[in-house]
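Read through the structure below, which is laid out as structure tokens, and then see the notes.
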Amino acid sequence: MPLPVDPAHREHPMLGLATCGLISIDRASMIVDANAQVLTWLNCDRDEVVGRPLETLLTLRMPLADSAGDRPTDATLHGTSGVVRPVVVGSFGVDDCGVERIAVYDVSARSAFNLGFQGAEAKTERGRQRLQILLNAAVGFGNVRSELDAAELLVDVAQRAFAASAVSVHLGGPDGLSQSAGVNPLAAHWPATLPATGTATMLGGQVVIIRSPDDAESYVPGVGMREAYRAGGVHAAIASPMRSHGDAVGSMVCYFDHPREFDEEAVPLAEALSNQAAQAIARIRLEDTLRRAAMHDEVTGLPNRRLIEEDVTRTLLQGFTALSVIFIDLDGFKAVNDLLGHAAGDALLREIGLRLRRTIRESDVLGRFGGDEFIAVAAVDSIDGAALADRIRAAVAEPYDELPPDLSITASVGLITVGNDGAPVMDQLIRAADHAMYAAKMAGGDRVVAVAGMEPAAA
């Protein structure tokens, strides 16, 4: 049975001015009274409160008193209707009747402010972290020296920036878009009727966010995107085009194997990272273009020796059956320079370059070695490049309309052909073909001499 309480205890005049609540409890911590403010907060009647244990209505973070005496503490007020209100409480002590009065102050506004402040702090920290990611990425992309390095760096940075399960980077090339780095969990399940992953993003020029397999289905309906996402274990994705100064370079896709929400900074972050990588790749491509342009002969426009070796390594040393290196030296060229001048000699070199280019295949490598010397390198079907070498000799020997009849141009041709029994050393092959060419010239010119082993033998 609740203890009788002096009516004066029900509404402390000083507390009323502070708009606070007042709860009175006995020595067993049972509620014996609560003022109107508490009842309003709890949205209940006095009879629903009196006689209940204090702990059913008030959850304290710390005890109201310790060895140092009474102290205020944070707490939570719980109503019978499910109301939850953050409060601060403090004890006025125990009176002569054994009743303890507890003041209750509503701090909902302060809590809401703190939550908002904490949210703002968290957002600021995320912004700081993302800015640091972008700054570090800018330094990294500024130092990369190949497209593959740039693609792999983008995979690493994006995976950390978005906490992605996987990232793939796709770069455009002569044969379309292809994956250059990372892991694409959708690759094995991608609908056959669609272009390669990332193509639509690259061409569309907009960041695409997929929040669920159903979202993927609605984005590209009727081709099985929902099933592809589910089969690949992908719940969400964000795809960003890679663009540099308006030019499409490729695309980046981040995959998530769990449900993922994207805040308002996700799109700008994806764009920033993708474009940093795109600018690095555009720079690398421009540098390569300028470097290759510097390695072309000014007279004929053909590659020089250094570029010949690069092109051979890049285009021919991939599973060839046999490789022929053909060294070509012009017979009679000095007379053209001496009698007609260097302008006529340069014109003749350009014409011979065109003839040689028409004689060999597009996939073969042709360059000017220097002076009146040319080199052709070709992958052949067997260890016999003599037929190609002789076609080259014949093409050079055909008449030239711009030359006087008494000036004839032929070619001394050296040949070496090696099988695919190890990585050939181009410098050694060129020297061997050069020695064979010299033997052809000593034999009177207008002929092909092939190397047998490393010694020249007439073909």
Listed by chain and number, what are the ring pair (Phe, Tyr, Trp, His ring centres under 6.0 Å) partners of F262, not counting sequence neighbours?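 Expected list: F256.
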Does anything in residues 400-414 form a salt bridge (charged side-chain N to carboxylate O under 4.0 Å, His left out)? List the pairs, not counting sequence neighbours.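 Matches after skipping sequence neighbours: none remain.
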Can you list every pair that meets salt bridge (charged side-chain N to carboxylate O under 4.0 Å, His left out) and has a residue in residues 160-187, with sequence neighbours left out?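 Qualifying pairs: D156-R160.
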Could you tell me whether the side chain of [X] and the main chain of [Y] form a donor-acceptor pair under 3.5 Å?
X: D263; Y: A266; answer: yes
X: E217; Y: G222; answer: yes
X: R361; Y: V365; answer: no

For [X], give me all partners under salt bridge (Lys or Arg N to Asp or Glu O under 4.0 Å), at least two apart in sequence or on another chain.
X: D338; answer: K334
X: D257; answer: none
X: E227; answer: none
X: E147; answer: R285

Can [X] and [Y] be counted as an ion pair, charged N to O under 4.0 angstrom?
X: D434; Y: R431; value: no
X: E287; Y: R291; value: no
X: R305; Y: D427; value: yes

Could you grab the distance from atom [atom1] of [X] to atom [atom2] of [Y], nearest 0.5 Å is fine?
X: F162; Y: I238; atom1: CZ; atom2: CD1; result: 4.5 Å
X: M225; Y: I210; atom1: CE; atom2: CD1; result: 6.5 Å
X: E264; Y: L269; atom1: CD; atom2: CG; result: 12.0 Å
X: I352; Y: I409; atom1: CD1; atom2: CD1; result: 6.0 Å
X: R447; Y: M437; atom1: CZ; atom2: CE; result: 14.0 Å
X: L307; Y: L302; atom1: CG; atom2: CG; result: 10.0 Å

Set out, in order, the CA-CA distance, both residues' side-chain angles and the distance that settles side-chain contact (heavy atoms from CB on, under 4.5 Å) for V418 and L429, then state yes or no. CA-CA 9 Å; V418 293; L429 296 180; 3.8 Å; yes
Examine the side chains of [X] and [Y] and answer whether a donor and an acceptor come within less than 3.5 Å of each other.
X: S212; Y: D215; result: no
X: D446; Y: T410; result: no
X: Y255; Y: R260; result: no
X: S146; Y: D149; result: yes
X: S274; Y: S240; result: yes
X: H78; Y: T59; result: yes
X: S412; Y: D329; result: no

Search all heavy atoms of [X] against all heavy atoms of [Y] and return the closest pair with its distance.
X: D364; Y: A379; result: OD1-N, 3.9 Å
X: M252; Y: A158; result: SD-CB, 3.5 Å
X: L153; Y: G140; result: CD2-C, 3.4 Å

Got a sec: does the OH of Y400 have more than 12 other heavy atoms crowding it under 6.0 Å?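 Yes, the 6.0 Å shell around OH holds more than 12 heavy atoms from other groups.
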Tell me whether the count of non-hydrogen atoms from other residues, nucleotides or ligands lying under 6.0 Å of CD in E398 goes above 12.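 Check passes, neighbour count above 12.
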Just to verify, what does [X] make a side-chain contact (heavy atoms from CB on, under 4.5 Å) with, not counting sequence neighbours?
X: R243; value: P241, A248, N275
X: T199; value: L177, P195, A196, L203
X: P213; value: R226, Y229, R230

Worked verdict on I326 versus V377 for side-chain contact (heavy atoms from CB on, under 4.5 Å): CA-CA 6 Å; I326 304 169; V377 184; over 6 Å; no
Do [X] and [Y] come close enough that some side-chain heavy atom pair is under 4.5 Å?
X: N184; Y: V253; result: no
X: S324; Y: L415; result: yes
X: Y438; Y: V449; result: no
X: Q179; Y: T197; result: no

Go through the steps to decide whether L349 and R368 satisfy the test side-chain contact (heavy atoms from CB on, under 4.5 Å), and finish with yes or no. CA-CA 9 Å; L349 291 173; R368 184 184 177 194; 3.3 Å; yes
Could you tell me which residues satisfy side chain to side chain donor-acceptor pair (under 3.5 Å) with N337, sequence neighbours excluded, listed by chain and number?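 Side chain to side chain donor-acceptor pair (under 3.5 Å) list for N337, sorted by chain: empty.
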Please determine whether side-chain contact (heavy atoms from CB on, under 4.5 Å) holds for the pair Q279 and R283, giving the CA-CA distance in whole Å, both sets of side-chain angles, and the decisive distance to 0.1 Å. CA-CA 6 Å; Q279 289 168 13; R283 169 182 58 78; over 6 Å; no
Is there any ring pair (Phe, Tyr, Trp, His ring centres under 6.0 Å) pair reaching into residues 336-373, and which pairs are they, with sequence neighbours excluded?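 Sorted pair list: F327-F369.
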